[in-house]
*Asks:* 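I am attaching a structure below and will ask some questions about it afterwards.
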Amino acid sequence: MELIDGNAIAESILAQLGAEVAKIPGRRPTVAFLRVGEDPASVSYVTKKQKTAALVGMQSRLELFPDTTTQSQLLAKISQLNMDPLVDGILIQSPLPKTMDETAVFNHVSPDKDVDGFHTLNIGKLVQEDPTGFVACTPAGIVELIRQAKVETDGRHVVVVGRSLIVGKPVGLLLLQKGLPGNATVTFCHSRTRDLPAVTRSADILIAAIGRPRFITADMVKEGATVIDVGINRVPDATKKSGYRIVGDVDFDAVATKVARITPVPGGVGPMTVAMLMRNTLKAWKKHHA
């Protein structure tokens, strides 16, 4: 069994980006992070993204809003950042408060600054296989892991468990594209899928993105498959100082003995998501300096 090391692959990508950013004369690429409320996971994700931006020589701004912020107040700030020539990329940390329409908020970001890849225009470009758009960071990171681990996708069966706009749908579209990694036969599964284990067992590449701890068990994967675990779930653990530990959507210990390749949690998809955000920010900077 080969462990696909997301930390190592992300580090090499960040080193390349850092070298490229260092050669930029004048203003460095700048990304603005918008966070509403004090959700602990959101706080830690944004902090990690800020640190990584600094590591590669990019600048970041942090715009904080209380839970009581209205959608119109948030949209007003996004409009301001859309017009700001010193901001290349805009990222809105989800989840947003239940009172807000996430899709409407994401679509308010200028498509040319949408480094998260959630705008309708960028999702449309993904469907059309137009490389000028921005691809959502987690799906882009998964495909990069597959590329660097030299996993064969041509004609292979990919099963995606989860149909979210943030991971499930775009990663399936990426692996469906003409070219490599791509040319796969893709099946999307979700809560209404009948006999889910039978479908997942047919996967050469299984991508678990449902947000349910250790949901994928050993009897749901076939021998020799590649398993990509997108889940980040907090489960209680009295032995940890924090009182919890992070596990994926895959029952790692049981599944790892059956498969050819698997990503760990943490240290698999997570670091790749942040690396792809930095790659998208540099791409946004280039768009504005074309």
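On a predicted model such as this, the values are computed, not experimentally measured, just so you know.
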*Asks:* I'd like to check Pro266 versus Ile232 (side-chain heavy atoms, cut-off strictly below 4.5 Å). Are they in contact?
*Replies:*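 Side chain of Pro266 against side chain of Ile232, heavy atoms only: no contact under 4.5 Å found.
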*Asks:* Got a donor-acceptor contact below 3.5 angstrom from the Thr187 side chain to the Val159 backbone?
*Replies:*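 Looks like no, no N/O pair under 3.5 Å.
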*Asks:* Quick one: does Asp204's side chain have a donor or acceptor within less than 3.5 Å of a partner on Arg156's backbone?
*Replies:*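 Not at all, since once roles are kept as given, no pair shorter than 3.5 Å links the two residues.
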*Asks:* For the residue pair Leu173 and Val186, establish whether any side-chain heavy-atom pair is separated by less than 4.5 Å.
*Replies:* no
*Asks:* Show me the pairs that pass salt bridge (Lys or Arg N to Asp or Glu O under 4.0 Å) and involve residues 280-290, at least two apart or across chains.
*Replies:*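 Matches after skipping sequence neighbours: Glu20-Lys286, Asp112-Lys287.
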*Asks:* Are Val127 and Val171 connected into the same hydrophobic cluster when the rule is that any two of I, L, V, M, F, W, Y join if their side-chain heavy atoms are below 4.5 Å apart?
*Replies:* yes
*Asks:* Using modelled atom types and a 3.5 Å cut-off, is there a donor and acceptor pairing between side-chain atoms of Asn183 and backbone atoms of Gly179?
*Replies:*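 Looks like yes, one N/O pair under 3.5 Å.
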*Asks:* Could you tell me whether Lys51 atom NZ has more than 12 heavy atoms of other residues or ligands within 6.0 Å of it?
*Replies:* no
*Asks:* Could you list the residues that satisfy ring pair (Phe, Tyr, Trp, His ring centres under 6.0 Å) with His288, not counting sequence neighbours?
*Replies:* none
*Asks:* Donor-acceptor pair, Lys169 side chain versus Ser164 backbone, under 3.5 Å?
*Replies:* no
*Asks:* Report the C-alpha separation of Ser202 and Lys222 in whole Å, then their side-chain angles, then the decisive distance to 0.1 Å, and conclude whether the side chain to side chain contact (heavy atoms under 4.5 Å, CB included) test is met.
*Replies:* CA-CA 7 Å; Ser202 69; Lys222 77 171 174 188; over 6 Å; no
*Asks:* Out of Ile142, Leu277, Val274, Val115, which one pairs with Cys137 under the side-chain contact (heavy atoms from CB on, under 4.5 Å) rule?
*Replies:* Leu277
*Asks:* Quick one: does any side-chain atom of Thr193 pair with a main-chain N or O of Leu196 as donor and acceptor, under 3.5 Å?
*Replies:* no
*Asks:* Which heavy atom of Glu129 sits nearest a heavy atom of Pro131, and at what distance?
*Replies:* O-CD, 3.4 Å
*Asks:* Under 3.5 Å, is there a donor on one side chain and an acceptor on the other for Lys49 and Ser60?
*Replies:*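 No.
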*Asks:* As an exercise, state the distance from OG1 of Thr69 to CG of Leu75, rounded to the nearest 0.5 Å.
*Replies:* 11.5 Å
*Asks:* Tell me whether Asp84 is salt-bridged to Arg61, with the criterion being a basic N under 4.0 Å from an acidic carboxylate O.
*Replies:*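 Looking at Asp84 and Arg61, the cut-off is met.
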*Asks:* Look only at the side chain of Gln148 and the backbone of Leu145, and say whether a donor-acceptor pair between them is shorter than 3.5 Å.
*Replies:*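 Looks like no, no N/O pair under 3.5 Å.
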*Asks:* Do the side chains of Phe252 and Ile205 join up, straight or via other hydrophobic residues, at under 4.5 Å, putting them in one cluster?
*Replies:* no
*Asks:* Under a plain distance cut-off of 3.5 Å, with no hydrogens placed, do Thr47 and Gln50 share a side-chain donor-acceptor pair?
*Replies:*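 Note: Gln50 and Thr47 side chains miss the donor-acceptor criterion.
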*Asks:* Output yes when Glu63 and Lys77 qualify as a salt bridge under the 4.0 Å nitrogen-oxygen rule, no when they do not.
*Replies:* yes
*Asks:* State which residues pass side-chain hydrogen bond (donor to acceptor under 3.5 Å, both in side chains) with Arg212; sequence neighbours excluded, sorted by chain then number.
*Replies:*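 Partners of Arg212 by the side-chain hydrogen bond (donor to acceptor under 3.5 Å, both in side chains) criterion come out as none, since no residue qualifies.
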*Asks:* Under 4.5 Å between any side-chain heavy atoms of Phe134 and His119, yes or no?
*Replies:*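 Phe134 does not reach His119 side chain to side chain.
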*Asks:* Taking atom CG of Asp67 and atom CG of Asp39, what is their separation to the nearest 0.5 Å?
*Replies:* 9.0 Å
*Asks:* Side chain of Asp88, backbone of Thr30: donor and acceptor closer than 3.5 Å?
*Replies:*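 Confirmed, Asp88 side chain pairs with Thr30 backbone.
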*Asks:* Do Val160 and Cys189 have side-chain heavy atoms sitting under 4.5 Å apart?
*Replies:*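 No, side chains not in contact.
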*Asks:* What's the shortest heavy-atom distance between Ala136 and Phe118, and which atoms?
*Replies:* CB-CE2, 3.7 Å
*Asks:* Quick check: do Ser110 and Ile90 have side-chain heavy atoms less than 4.5 Å from each other?
*Replies:* no
*Asks:* Under a 3.5 Å threshold, yes or no: a donor from one side chain and an acceptor from the other, between Thr120 and Asn107?
*Replies:*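 Side chains of Thr120 and Asn107: pair found under 3.5 Å.
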*Asks:* Would a 4.5 Å heavy-atom cut-off, applied to side chains only, mark Ile228 and Leu206 as touching?
*Replies:* no
*Asks:* When rounded to the nearest 0.5 angstrom, what distance separates CD in Glu152 from CD1 in Ile146?
*Replies:*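 If I round to the nearest 0.5 Å, the distance is 11.5 Å.
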*Asks:* Once salt bridge (charged side-chain N to carboxylate O under 4.0 Å, His left out) is applied, do any residues pair with Glu102, and if so which ones, sequence neighbours excluded?
*Replies:* none
*Asks:* Minimum heavy-atom separation for Val143 and Pro181, please, with both atom names.
*Replies:* CG1-CG, 3.8 Å
*Asks:* I'd like to know if the side chain of Lys113 reaches the main chain of Ala284, judged simply by a donor and an acceptor atom lying under 3.5 Å from each other, with no hydrogens or angles considered.
*Replies:* no
*Asks:* Is there a donor-acceptor pair under 3.5 Å between the side chain of Asp116 and the backbone N or O of Leu91?
*Replies:* no
*Asks:* Would you call Lys258-Glu223 a salt bridge at under 4.0 Å N-O?
*Replies:* no
*Asks:* Quick check: closest heavy atoms across Ala218 and Ala254, and the distance to 0.1 Å?
*Replies:* CB-O, 3.8 Å
*Asks:* Among residues at least two apart in sequence or on other chains, which ones pass side-chain hydrogen bond (donor to acceptor under 3.5 Å, both in side chains) with Thr138?
*Replies:*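 Thr138 satisfies side-chain hydrogen bond (donor to acceptor under 3.5 Å, both in side chains) with Thr273 once adjacent residues are dropped.
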*Asks:* Give a yes or no on whether Val247 and Tyr45 share a hydrophobic cluster (residues Ile, Leu, Val, Met, Phe, Trp, Tyr; joining criterion: side-chain heavy atoms under 4.5 Å apart).
*Replies:*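 No: no chain of side-chain contacts under 4.5 Å links Val247 to Tyr45.
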*Asks:* To the nearest 0.5 angstrom, please state how far the OG atom of Ser79 sits from the CG atom of Leu74.
*Replies:* 9.5 Å
*Asks:* Return the CG to OG1 distance between Leu121 and Thr132, rounded to the nearest 0.5 Å.
*Replies:*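 Result: 8.0 Å between the selected atoms.
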*Asks:* Between the main-chain N or O of Ala184 and the side-chain N or O of Asp154, is there a donor-acceptor pair closer than 3.5 Å?
*Replies:*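 It does not hold such a pair.
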*Asks:* Do Leu62 and Leu81 land in one hydrophobic cluster if side-chain heavy atoms of ILVMFWY residues count as linked below 4.5 Å?
*Replies:* yes
*Asks:* Please give me the minimum heavy-atom distance between Pro271 and Gly268, naming the atom from each residue.
*Replies:* CD-O, 3.4 Å
*Asks:* Please tell me if the side chains of Asp219 and Thr217 come closer than 4.5 Å, counting only heavy atoms from C-beta onward.
*Replies:*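 Contact flag for Asp219/Thr217 side chains = yes.
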*Asks:* Is the closest side-chain heavy-atom distance between Arg261 and Val227 below 4.5 Å?
*Replies:* no
*Asks:* The test is side chain to side chain contact (heavy atoms under 4.5 Å, CB included); show your working for Val135 and Leu174 and say whether it passes.
*Replies:* CA-CA 9 Å; Val135 176; Leu174 284 169; 3.7 Å; yes
*Asks:* Do any pairs count as a side chain to side chain donor-acceptor pair (under 3.5 Å) and have a residue in residues 236-247, sequence neighbours left out, and if so which ones?
*Replies:*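 Sorted result for residues 236-247: Arg234-Tyr244, Asp237-Thr239, Asp237-Arg245.
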*Asks:* Would Gln93 and Phe33 count as a side chain to side chain contact (heavy atoms under 4.5 Å, CB included) here? Give the steps.
*Replies:* CA-CA 7 Å; Gln93 185 62 45; Phe33 299 114; over 6 Å; no
*Asks:* Side-chain donor-acceptor pair under 3.5 Å between Thr185 and His157, yes or no?
*Replies:* no
*Asks:* Looking only at heavy atoms, what is the nearest atom pair of Pro29 and Val21, with distance?
*Replies:* CD-CG1, 4.1 Å
*Asks:* In sequence, state the C-alpha distance, the side-chain angles, and the governing distance for Arg279 and Ile13, and then conclude on side chain to side chain contact (heavy atoms under 4.5 Å, CB included).
*Replies:* CA-CA 8 Å; Arg279 183 184 277 181; Ile13 291 167; 4.0 Å; yes
*Asks:* How many angstroms lie between atom CG of Asn122 and atom CG of Asp114, to the nearest 0.5 angstrom?
*Replies:*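 Reported to 0.5 Å precision, the distance equals 4.5 Å.
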*Asks:* Hey, quick one: are Val269 and Val265 part of the same hydrophobic cluster, counting side-chain heavy atoms closer than 4.5 Å, chains of contacts allowed?
*Replies:*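 No; Val265 is not reachable from Val269 via cluster members.
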